[in-house]
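Structure first, commentary second.
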Amino acid sequence: MNHSTEDAYQDIRDAVRALCETFPDAYHRKVDEARAYPEEFVAALTEAGWMAALIPEEYGGSGLGLTEASVIMEEINRAGGNSGACHGQMYNMNTLIRHGSEEQRRTYLPRIASGELRLQSMGVTEPSTGTDTTKIKTTAVKNGDRYVVNGQKVWISRVQHSDLMILLARTTPLAEVRRKSEGLSIFLVDINKATKAGMTVRPIPNMVNHETNELFFDNLEIPEENLIGEEGKGFQYILTGLNAERTLIAAECIGDGYWFTDRITRYVSERTVFDRPIGQNQGVQFPIAEAYIEVEAANLMRYKACALYDAGKPCGAEANMAKYLAAKASWEAANACLQFHGGFGFACEYDVERKFRETRLYQVAPISTNLILGYVAEHVLGLPRSY
Amino acid sequence: MKVLVPVKRVLDYNIKVRVKPDGSGVDLANVKMSMNPFDEIAVEEAVRLKERGKVEEVVVVSIGAKQAQETLRTALAMGADRAILVEVDTASQDIEPLAVAKILKAVVEEEHPSLVIAGKQAIDGDMSATGQMTAALLGWGQATFASRIDIDGDRAVVAREVDGGLQTIGVKLPAVVTADLRLNEPRYPSLPNIMKAKKKPLRETTAAAYGVDTRPRLEVIKTVEAPTRQAGERVPDVETLVAKLKEKGIL
């Protein structure tokens, strides 16, 4: 490809690319085949300081913004990896930094920065509520100096490879609050302790090699000092993580989009059928060109969302729209890539089928396309709520 | 002891080179540029010497366009202590090894390093001349194509990759050493080091300030793309293969 995508983050891109080059396609393919966690890869990223990008310098990190974090995630996916294994720490971080107490920051951030602890999980979704988050049924009831948690969560990722989790639970019953978004609180859960004291983790085997789980809470006690921010304001705080998550995943889809368009461009330039490269046919060229254009366009919305987020401004609409555009673009790129690889696209050794599965997830997670459309219709356009 | 490492910003090694339509050179517009890979090896070696306590300071210098600052920042992120940019207008002219060597001589006379470690060649011009010319202009010893460098008192012991094997030589310091591919494997900069590099000193100057005339002395007559490989021919059996080879005069 001869279109330069150099920008102000080239130093970060070059360094992440250099690290990723030491983990070639075959590494990610093997991890996928074994349904394993890319432990060495995440360890290398942690050791080189990438997983601590958002932690302020005074706590041992690099004090960068979501924009830079998104570039890191983008480059991992662009290099053939899957940030899904490690993006949790990036989107969770600002929830702790922005809403945690000074004592919590001092206790946890330096140890997360050094790689001693991982904060990779966020426990929000429940089987009976889906995206209707304010209706969650998991409760945390204050009892002396602790909270007692009961309930159930689903699609909680990276729990087996994380030390800490941010958990959303209802602390005031729905019937007793003025607005349904009130009365929810967030807690920092020590996963290793919790699994011995009332939290059960049940892995969910799935289509993409993604470590995700069901969680069951049976009288799990959480010390009161693990409450993040004020009791009852958790919904507001969790949005910090949710908006970051959507924006980062937009960047990951953009990374995937470039991976697909790069790979297929190279392939169709070389693959000769009927005595000429198949890339000479407009029927082949146009879908690739179209996907590339859409990736580039999604990129603009991603940077807009990042800029708003980093300025501490509301960015719900932009984060959602960036995720929508990027996931759509990467999916179209994936389709073109698979289609023009012909049969070879289905062979594992070309890595296309793996990336195809991985990027398909982002039509559904962390929020499905329909719910983004519903959000934009209601909150941006002011149309009546449909659900 | 101080080490000076010259680094060059070149076309990224992953990029497919395109020749300008008029054949005057390679098209550099809008393509990714990176540090010359052999210079990366030179920076890595200097940083390792510092980490081993043999060297106190690593200074990197780049001669070229303003954007060579980025290349210098990469070297600083790898562990160099400070950087010097000698700006030359490379858009209107190519800068040749002799001019680079003259500028390096001037920088050496300012900085007084005991050792200059340079890449054995730049992957764009493939001249493999700058290190040698710099040593000659300074009247210093040189050890080219190094695959190992040890500092032993007032001399450097250098293993050189020569035809048929390795030659180990001792060279009195100060000296110029050029780095070959197998000297080391350069590290990738960590994020904290990239952040630190942004705060490290980078001094800017110009070739004119050193009184060096950088006008080219060589004339490029033409540049052409490497011929594309022709498709092969399938033969049904060994006999036909032998016959074909004979026909082509290979056997």
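- Contact of A:T22 with chain B is made through the side chain alone, with heavy-atom distances under 4.5 Å.
- Within residues 182-200 of chain B, the residues having any heavy atom less than 4.5 Å from a heavy atom of chain A are, in residue-number order, B:Y188, B:P189, B:S190, B:L191, B:P192, B:I194, B:M195, B:K198, B:K199.
- Remark: A:F340 engages no residue in a ring-ring contact (aromatic ring centres under 6.0 Å, His included) (not counting sequence neighbours).
- No salt bridge links A:R111 with A:D163; every basic N to acidic carboxylate O contact stays at or beyond 4.0 Å.
- For the pair A:R118 and A:Y108, the cation does not sit on the ring face, since its NZ or CZ is not both under 6.0 Å from the ring centre and inside 45° of the axis.
- With A:H87 as the partner, the side-chain hydrogen bond (donor to acceptor under 3.5 Å, both in side chains) test is satisfied by one option alone out of A:E252, A:E245, A:Q120: A:E252.
- Neither the backbone nor the side chain of B:D27 comes within less than 4.5 Å of any heavy atom of chain A.
- For B:Y13, there are no ring-ring contact (aromatic ring centres under 6.0 Å, His included) partners, not counting sequence neighbours.
- Under the 4.0 Å criterion applied to side-chain N and carboxylate O atoms, B:R9 and B:E70 are assigned as salt-bridge partners.
- Under a cut-off of 6.0 angstrom, the local environment of CD in B:E239 is sparse, with at most 12 non-hydrogen atoms contributed by other residues, nucleotides or ligands.
- Within residues 37-51 of chain A, the residues that have a heavy atom under 4.5 Å from a heavy atom of chain B are A:A44, A:A48, A:G49, A:W50, listed by number.
- Geometrically, B:R160 does not engage B:F145 in a cation-pi contact defined by less than 6.0 Å to the ring centre and at most 45° from the axis.
- Side chains of B:V17 and B:L11 form a contact here, defined as non-hydrogen atoms less than 4.5 Å apart.
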